[in-house]
Amino acid sequence: MINRFFPRGGLASGKSVLWVCFAAAVLALSGCGKDEADTASSQAVDTEGKSAAQVAVEAAKPLCEGGKTITIVWEAGLQSLDPLNFSGPKWEAETGCKVKVVEVPVAEMFTKIMQEYRANTGAYDALNVIPAWMPDLAQAGALEQLDSYVDKYGYRGELQTIAATYRDNQMTVDGKIYGFPDDGDVFLMYYRKDIFAREDLQKAYKEKFGRDLEVPTTWPQFIEVGQFLTDALKSEGIYGAAMFREPGYGNFMFQERFRNEGGKFFDADMKATVNGPEGLKVFQDWLTENKFMPAGVEKFGFVENLAVFLKGESAMTISWPPYGRFAAGYLADEEALSWVPKSQIADKVGYALPPGGHPELAAGFALSVASTSKNKEAAYLFIQWLNSEEISNERVQLPYALRDPFRDSHFTNEGYIALWPDAKDYLAALGDAAQTGLLDLSLIQTDKYEEALRQGISRLWAGDDPQQILDKIAADWDAVTEQVGVDKQRAVYESWASKSGAYPG
Amino acid sequence: MSAAGTIKKPQLAEQGFKYQLIAPSIFVLLLIGIFPLVYLLIVSFQGITMMDNDTSFHGLRNYAALFGDTRLWEALLHTLLFTAIALPLELILGLLMAQLFIDHLPGRQVFVALLVLPVVIAPIVSGATWSLMFDNRFGPINQIIGWLTGEEATLLWTISPDLVYPAILVAEIWQWTPFMFLLLLAALSGVDKSQLEAASIDGAGYWRIFFRIVLPAIWPVMAVAILIRGLDLFRLFDIVWALTRGGPGTMTETISIFTYVKGFQQFETSYTAAVALIIIILLSLVVFLALRRVGLSR
């Protein structure tokens, strides 16, 4: 009965086929298929001697005549101040196209994009997409494949100057371009140079451990140094370290650390192996570390951890690049950042790779075009312009926005280096991280795997047994793999695992 | 015979006219009430997921999967637990407050208005506010406990398995007890005072008067209040989402959160439709039985 109303694979009868052909012919004649024509034609435009930004502006001008509006999905909050205050008005001034920004909290972005795609309203033209979602969104059909546009507008050259980790890992699905890496979201370690330089601490550490007090490069060293600093400085209100522990953030921390410990997510049979000794070591180390971190660290997210660090209450932390800028204190008068606690540690912060040397490329954003857009060409040109050398170098320096350096030229930008005294070191550390960063796990239905991990981390803080938690996570992962199809998922995993940023080399 | 016929014809015409008048309303009601239900039913027999827009007939596959899904039944159990604890507490507290305010105290109207404030706050805002209240570092609750105990309180209200249920229940009861209070205050105001005076003169005690006169008088309103709140609690989402997101693990996951996660984060569309349909059937049954029990269906 239901089958009659919802036939599988389309309309089967000969009569129906005739009707479909007739309807298609009518649509074609009446121009209703115009949206389809809005994909890139194969004819390349003349880009000789022009930057990618110039090419995009010139090509967009005729498309924007009459005041076209490009609607772009952007993370709500500080992130969206970029298109609202800077890039949106600038694009409109240069091309005539207005930019409408749909602000969506990051936790809801995937849902909103998928809902809109399913509803097929054409409400979104361009998208900010977390690269780990790309296989899901591309396979669902929500993202427009961009290769033909890239070739038409001669953008491949400038794509090559995106830092290798992002370019090679966050741009393609099955070798096809679905987004431009646009945010160098990588974890860095921030530490207090003044504390590590204190003579009394140096002396005490050497007496106790027989070596110099240095910024840790391995996790055992981190635990040793963190405990030592807490013991020595707690009376001054300073802890050895504080860290993200809230499960949403812990998900990234686990993925990074698990692989730095030598762990692999799946074996050759696509069975989850997160419950192996590496996973157990990470969980057990976390419990050990929490003892020398501030009380309630289990709830620390971005803001809690930031507040503790900026107030000078922790000697080390690991986080995304904005911590370095906020800590430098040069943004103190920026109205949009009034919620950021005043930095008590300006000029005292050092930057390093996290222990293990392979930081997580945690989340980040790529710019994509929605497959349901009615303005695909204009949307593409807008994201090419945003992502170009010229414009991205301006965007990563916006004081209020959160786009982090992601092109080779960003790390040596003279204007950026002049922003605060240690900016050169900061950019150098980000440049190093861009060489060795580790990708977020990205599979079909990634969120289901991440959800199991998040739930496991919350159970760890609730006091459950680490091995049992990991076994449950592994069982949940296996169930998701079975549901997706082992062979299908294995193909996606192997494609992901073959990328340079999947596992430490 | 012909006289009877002439009387009947205008009556029928009149009735037909009445039906024509209400037909648009009925049509709209059916459209917004029945169509989604039918659509839900159809989708629940299909295989639509994030990756596959498979609209072919899948039989009872989703329903079979549903019965084997322990997470779903755990979520249902958590929901029933919240309902079983919060509903009686809200009822008792609401009734006590209504009893207190039935007398014309000075400033009564101001107090009533203030007490009703939590009800007008959006539940997600209430949840976010309580999340701040329970914050282990900056929240006033730990601060107050610290003052009382004389040492720093580091209770993790939204993480510790022993504290998450009390935290959620406190927030829930704080927000919705005033709703009970308002309805019961209105019901108590309608109790015939002469009956109370007569019973009192006849020597009946407080409890006897309450159980024999007051309770039967306010029962219809109380029953509706219980029903409304019971259904609301069954749909409990915002406060739990804001406080724990269903954690630790899935320890506080309610049926609404489960449905949201499956439907809108993981896009298990057809499976979620099956879950939703089962819940609708269960709730409809409960409402039907409850209405019959309290005699409101007549």
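Residue numbers begin at 1 in each chain, while the letters A, B, ... track the order of the sequences. The structure displayed is predicted, hence computed values, not measured ones.
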Chemist: Can a donor-acceptor pair be found, under 3.5 Å and without considering hydrogens, that links the side chain of A:Asp136 to the backbone of A:Thr446?
Modeler: yes
Chemist: Is the shortest distance from a Lys or Arg side-chain nitrogen in B:Arg137 or A:Glu304 to a carboxylate oxygen in the other one below 4.0 Å?
Modeler: no
Chemist: Where on B:Thr244 is there a heavy atom nearer than 4.5 Å to chain A: the side chain, the backbone, both, or neither?
Modeler: neither
Chemist: Among A:Arg459, A:Gln445, A:Met114, A:Gln139, single out the residue with the greatest number of heavy-atom pairs under 4.5 Å to chain B.
Modeler: A:Met114
Chemist: Pick one of side chain, backbone, both or neither for A:Pro294, based on which atoms fall under 4.5 Å of a heavy atom in chain B.
Modeler: side chain
Chemist: Would you mind checking which part of A:Glu451 comes under 4.5 Å of any heavy atom in chain B, side chain (CB onward), backbone (N, CA, C, O), both or neither?
Modeler: side chain
Chemist: Non-hydrogen atoms of chain A under 4.5 Å away: do they reach the side chain of B:Val164, the backbone, both or neither?
Modeler: neither
Chemist: Would you say the ring centroid of A:Tyr117 lies under 6.0 angstrom from that of A:Tyr124?
Modeler: no
Chemist: Heavy atoms only, distances under 4.5 angstrom: which of B:Asp162, B:Asn142, B:Thr154, B:Leu156 has the most pairs with chain A? Name it, please.
Modeler: B:Leu156
Chemist: Between A:Arg245 and A:Glu289, is the salt bridge (Lys or Arg N to Asp or Glu O under 4.0 Å) condition met? List the steps.
Modeler: CA-CA 11 Å; A:Arg245 288 292 193 246; A:Glu289 290 161 15; 2.8 Å; yes
Chemist: Between B:Phe82 and B:Phe234, is the ring centroid distance below 6.0 Å?
Modeler: no
Chemist: Looking only at heavy atoms and a cut-off of under 4.5 Å, which of A:Glu108, A:Lys112, A:Arg118 has the most pairs with chain B?
Modeler: A:Arg118
Chemist: Need one label for B:Leu155: side chain, backbone, both or neither, based on atoms under 4.5 Å from any heavy atom in chain A.
Modeler: neither
Chemist: I would like to know whether B:Trp174 and B:Trp130 meet ring pair (Phe, Tyr, Trp, His ring centres under 6.0 Å); could you show each step before the answer?
Modeler: CA-CA 10 Å; B:Trp174 171 82; B:Trp130 276 100; 5.7 Å; yes
Chemist: Does the B:Thr83 side chain pair with the main chain of B:Thr79, one donor and one acceptor, at a distance under 3.5 Å?
Modeler: yes
Chemist: Please output the residues of residues 461-493 of chain A in contact with chain B, using a heavy-atom cutoff of under 4.5 Å, in numerical order.
Modeler: A:Trp461, A:Ala462, A:Gln483
Chemist: Check whether the ring centres of B:Phe237 and B:Tyr260 lie less than 6.0 Å apart, and answer yes or no.
Modeler: yes
Chemist: What's the shortest heavy-atom distance between B:Gln20 and B:Pro24, and which atoms?
Modeler: O-CD, 3.3 Å
Chemist: Can you list the steps and then say if B:Tyr63 with B:Phe45 is a ring pair (Phe, Tyr, Trp, His ring centres under 6.0 Å)?
Modeler: CA-CA 8 Å; B:Tyr63 292 92; B:Phe45 288 112; 5.5 Å; yes
